[in-house]
J.: 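Take this structure first; my questions come after.
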Amino acid sequence: MSVRETAEKIKRMEIRGAGRIARAAVEALRFHARDLEARDLAEFRRKMEEAAALLLATRPTAVSLPNAVHLVMMPLGEAEDLEDARQRVISSADEFIRSSKGAVERIGEIGAHHIADGDTILTHCNSEAALSCILTAARQGKDFQVYATEVRPGNQGLITIQTLSEAGIPTHYIVDSAVRHFMNRIDRVFVGADAVAVNGAVVNKIGTSLVALAAHEARTPFIVAAETYKFAPRTTLGELVEIEEREGGEILPAAEAARLRRVIVHNPVFDVTPASYIDLIVTEEGAIPPSLAYIIIREFLGWSIEEFHKTFQIAHQDQG
Ligand code: RUB
């Protein structure tokens with residue numbers, strides 16, 4: 001798929017979920033690099049940067065997108081000539097896709113340790129990392145059930161219940177506002193992440209923080225499944241993760257909105273769950289308390305903050 005087509009699909013949420021968005025962007029860059037016609041290395045670099053910028057502008061919250069694009073584009077800096085540059089992008093893209101899939105699998109293995117026979121799990125939205133924990137536990141023969149939320153307004157819960165049902169897992173489907181009503185039946189909550197900040201706060205689908213609040217009140221463990229490329233390096237410099245605000249029409253149809261002229265519709269699609277409501281973040285490098293987010297950013301993302309800034313010409317913020 002071309003870069004433009006991939007970007008459109010990500011914008012329209014035909015490709016969605018932080019991990020899938022990252023892999024789709026990387027795949028698009030890979031094909032772009034393979035077929036790109038350029039006179040020299042400088043032109044190749046410029047055209048690749050334009051393609052990267054197009055992909056980065058699609059959705060602002062999932063940090064997996066800039067992290068993945070950065071990983072693929074980073075080797076361009078060391079390229080000696082055009083063909084070398086092309087090969088470097090292709091192999092770094094292949095490596096990202098391979099390791100991303102491996103990370104989801106490993107997270108499943110680690111997360112499944114936290115699911116026992118007789119458990120009732122709750123999940124919100126549609127996260128392949130969170131589902132990997134649940135599906136791995138099911139494959140291990142554990143006997144448990146899952147509550148899945150509807151997830152207004154995108155209805156991602158439908159994808160989740162389809163996957164759970166196909167895996168033969170007893171599944172309950174509830175509206176988002178019923179989470180607290182059912183929380184006393186829940187042994188553990190599993191969600192994914194679009195971004196993890198340096199202070200351990202997790203950005204995920206709107207409503208996640210309410211689920212966490214209800215879990216906290218009921219003393220129900222709240223577990224986040226997040227690959228290391230969901231951790232946000234820029235938050236170490238005090239930058240906040242941008243919360244995407246989508247069209248009001250996704251909530252209130254245009255005809256209704258036109259009739260109710262004084263009504264302002266808000267449609268933030270992610271929210272922030274503070275670290276104090278999170279018991280564990282399961283990464284492919286192991287399960288950590290949210291307070292260790294900084295270690296993941298420094299040790300496992302594999303590049304320095306300075307390098308990240310240089311590559312994307314992000315204005316350096318005063319840390320003082
Ligand atoms: C998806 C969402 C998911 C995370 C993690 O939001 O919030 O929980 O992206 O998913 P949207 P994964 O549907 O708006 O993209 O574990 O698959 O990366």
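Each residue takes its place number in the sequence, starting with 1. One-based numbering, in listed order, for ligands and for the atoms of each.
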J.: Quick one: do Glu8 and Lys11 make a salt bridge, cutoff under 4.0 Å?
T.: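 So Glu8 pairs with Lys11 through a salt bridge.
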J.: Taking the basic N atoms (NZ, or NE/NH1/NH2) and the acidic carboxylate oxygens, is any pair closer than 4.0 Å for Asp84 and Arg88?
T.: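 Yes, this pair counts.
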J.: Tabulate distances under 3.5 Å between N/O atoms of ligand 1 and N/O atoms of the protein, writing both atom names on each line.
T.:
| from | atom 1 | to | atom 2 | distance (Å) |
| --- | --- | --- | --- | --- |
| ligand 1 | 7 (O) | Asp194 | OD1 | 2.9 |
| ligand 1 | 7 (O) | Asn204 | OD1 | 3.1 |
| ligand 1 | 7 (O) | Lys205 | N | 3.2 |
| ligand 1 | 8 (O) | Asn204 | OD1 | 2.6 |
| ligand 1 | 9 (O) | Ala18 | N | 2.8 |
| ligand 1 | 9 (O) | Asp194 | OD1 | 2.9 |
| ligand 1 | 9 (O) | Asp194 | OD2 | 3.3 |
| ligand 1 | 13 (O) | Arg16 | NE | 2.4 |
| ligand 1 | 13 (O) | Arg16 | NH2 | 3.2 |
| ligand 1 | 13 (O) | Gln156 | NE2 | 2.8 |
| ligand 1 | 14 (O) | Arg59 | NH1 | 3.4 |
| ligand 1 | 14 (O) | Arg59 | NH2 | 2.8 |
| ligand 1 | 14 (O) | Lys205 | NZ | 2.7 |
| ligand 1 | 15 (O) | Gly17 | N | 2.9 |
| ligand 1 | 15 (O) | Arg59 | NH1 | 2.9 |
| ligand 1 | 16 (O) | Ser127 | OG | 2.7 |
| ligand 1 | 16 (O) | Glu128 | N | 3.3 |
| ligand 1 | 16 (O) | Ala129 | N | 3.1 |
| ligand 1 | 17 (O) | Glu128 | N | 2.8 |
| ligand 1 | 18 (O) | Ala18 | N | 3.4 |
| ligand 1 | 18 (O) | Gly19 | N | 2.7 |
| ligand 1 | 18 (O) | Lys230 | NZ | 2.9 |

J.: Might you confirm whether atom CD of Glu5 has over 12 heavy atoms from other residues, nucleotides or ligands at distances under 6.0 Å?
T.: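 Counting other residues, nucleotides and ligands, CD of Glu5 exceeds 12 neighbours.
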J.: Between the side chains of Glu27 and Arg30, is the shortest nitrogen-to-carboxylate-oxygen separation below 4.0 Å, so that they form an ion pair?
T.: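 Salt bridge: no.
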J.: Test of understanding: with salt bridge (Lys or Arg N to Asp or Glu O under 4.0 Å), list the residues that count as partners of Glu285, not counting sequence neighbours.
T.: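 Counting only residues at least two positions away or on another chain, Glu285 forms no salt bridge (Lys or Arg N to Asp or Glu O under 4.0 Å).
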J.: Below 4.0 angstrom, N of the basic side chain to O of the carboxylate: do Arg23 and Glu128 qualify?
T.: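 The answer is yes: the pair qualifies as a salt bridge.
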